[in-house]
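Order of the sequence lines fixes the chain letters, A, B, ..., with proteins taken first and strands second; residue numbering starts at 1 for each chain.
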Amino acid sequence: MSAQVLPESFYDRDVVEVARALLGMRLVHRLDGQRVSGIILETEAYRGEADLACHARAGRTPRTTVMYGPPGRAYIYFTYGMHWLLNCVCQPEGFPAAVLLRAVAPLEGQEQMQARRAGQPPHLWSNGPGKLCQAFGITGALNGCSLSDPTGELFIEAGQPVPENMVKTMPRVGISSVPEPWLSMPWRFVAQSD
DNA sequence: AGCACGATTAACT
DNA sequence: GTTAATCGTGCTC
């Protein structure tokens, strides 16, 4: 019984819907022939050039090109001079939108995570967008790769969907200089732990 | 060519 | 609660 990898069509719809639907799914990175994986617990949606919090607000640039491509690809970028952040490209090709993966619960390959998150306790390995990329060994080398290819290095498998009463919705974080209404859009989704 | 700032994190007071 | 670390990106000159 092998887990089902989410197909491109999963991502080919409104990015806010996808951000909600990704909760409970499983992020997998094949690293040194070993699976490093975790259950997605927190996401944020970034939608189109009109969304002033979205990188695509500046239009199509070298960095944002991947977001304009087909759904189901990884959009990975570098920020604050030291952190990689992982997104899933959504909606039809030509419309720039992506879901930022903000937190996952460690599952497989915990020795790998421990090694990459030197000295930190397990609950702090992947509870942030920069932290999860570090724990999983994800870098810009994977930018643009398909997340729907089961033979690829990085993909997302179907998991246990999170029921509605276990999902909290709130404004996105880290975008404090963005004007309304974008600042308050409830496009951040968090799965409750209990 | 130069500059301000960022979808963050960890280590402070 | 505050702040340094650190550099690619996009904007201005």
Side-chain angles (χ1 to χ4, degrees), chain A residues 11 14-23 25 27 29 38 40-69 71-91 95-106 112-145 147 154 156 167-191:
Chain A
Y11 304 93
D14 189 285
V15 67
V16 178
E17 261 183 63
V18 180
R20 162 67 181 86
L22 277 172
L23 296 179
M25 305 298 109
L27 175 69
H29 186 202
I40 298 173
L41 296 180
E42 183 177 342
T43 62
E44 278 178 7
Y46 289 87
R47 185 167 75 188
E49 296 175 350
D51 175 6
L52 295 182
C54 182
H55 287 163
R57 66 185 174 278
R60 195 173 191 139
T61 67
R63 179 172 66 157
T64 62
T65 295
V66 176
M67 270 204 281
Y68 287 80
R73 304 296 182 87
Y75 166 47
I76 303 171
Y77 70 92
F78 191 61
T79 191
Y80 290 103
M82 64 190 88
H83 301 297
W84 292 104
L85 274 65
L86 170 64
N87 299 255
C88 310
V89 174
C90 295
Q91 308 202 188
F95 186 90
V99 174
L100 171 68
L101 299 190
R102 291 193 57 89
V104 306
Q112 292 266 13
M113 301 193 205
Q114 181 165 41
R116 287 167 193 281
R117 297 283 299 138
Q120 300 282 359
H123 72 280
L124 297 182
W125 285 346
S126 54
N127 65 330
K131 297 183 200 180
L132 79 87
C133 283
Q134 188 186 356
F136 277 60
I138 294 168
T139 72
L142 290 166
N143 188 39
C145 78
L147 296 171
L154 185 66
I156 298 176
V167 176
K168 223 173 192 167
T169 303
M170 56 194 85
R172 297 171 292 181
V173 295
I175 58 169
S176 55
S177 64
V178 171
E180 298 289 3
W182 311 109
L183 183 60
S184 300
M185 285 295 182
W187 291 351
R188 178 185 184 199
F189 298 90
V190 182

[N] [atom2] sits how many Å from [X] [atom1], rounded?
| X | N | atom1 | atom2 | result |
| --- | --- | --- | --- | --- |
| A:Leu100 | B:dA7 | CG | P | 10 Å |
| A:Arg102 | B:dT9 | CZ | C1' | 11 Å |
| A:His83 | B:dC5 | NE2 | C1' | 15 Å |
| A:Ile76 | B:dT8 | CD1 | C1' | 16 Å |
| A:Leu85 | C:dG8 | CG | P | 16 Å |
| A:His55 | C:dT9 | NE2 | C1' | 9 Å |
| A:Met185 | B:dA7 | CE | P | 18 Å |
| A:Tyr77 | C:dG8 | OH | C1' | 12 Å |

Within the 4.0 Å heavy-atom criterion, would you say [X] contacts the bases, only the backbone, or no part of the nucleic acid?
| X | answer |
| --- | --- |
| A:Glu42 | nothing |
| A:Ala53 | base |
| A:Ile175 | sugar-phosphate |
| A:Arg172 | nothing |

Can you check whether A:Val15's main-chain N or O pairs, donor with acceptor, with A:Gln91's side chain at less than 3.5 Å?
yes
Among the nucleotides B:dA10, C:dG10, B:dA7, which one has an atom lying closest to any side-chain atom of A:Lys131?
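Side chain of A:Lys131 sits closest to B:dA10.
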Rounded distance in Å between the P positions of C:dG1 and B:dA7
22 Å
Contact check, side chains of A:Thr65 and A:Arg60, non-hydrogen atoms, under 4.5 Å:
yes
OP1 or OP2 of [N] sitting under 4.0 Å from any side-chain N/O of [X]?
| X | N | result |
| --- | --- | --- |
| A:Ser177 | B:dG6 | yes |
| A:Gln120 | B:dT9 | no |
| A:Arg188 | B:dA7 | no |
| A:Thr61 | C:dG10 | yes |

Tested for side-chain contact (heavy atoms from CB on, under 4.5 Å) against A:Pro106, the lone hit among A:Met113, A:Gln112, A:Arg117, A:Gln114 is A:Met113
Let me have the donor-acceptor pairs involving side chains of residues 76-86 of chain A, under 3.5 Å, with sequence neighbours excluded, atom names and distances please.
none

Quick test of the criterion, 5.5 Å between centres and less than 30° between planes. Is A:Tyr80 stacked on B:dG6 or not?
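Here A:Tyr80 meets both the 5.5 Å and the 30° conditions.
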Between A:Met67 and A:Val89 the two heavy atoms that sit nearest each other are O-CG1, 3.8 Å
A:Arg63 vs A:Arg117, nearer the 5' end of DNA chain B by closest nucleotide
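This one resolves to A:Arg63.
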Which nucleotide, in any strand shown, forms a Watson-Crick or G-U wobble pair with B:dA1, with both distances under 3.5 Å?
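Base partner found: C:dT12.
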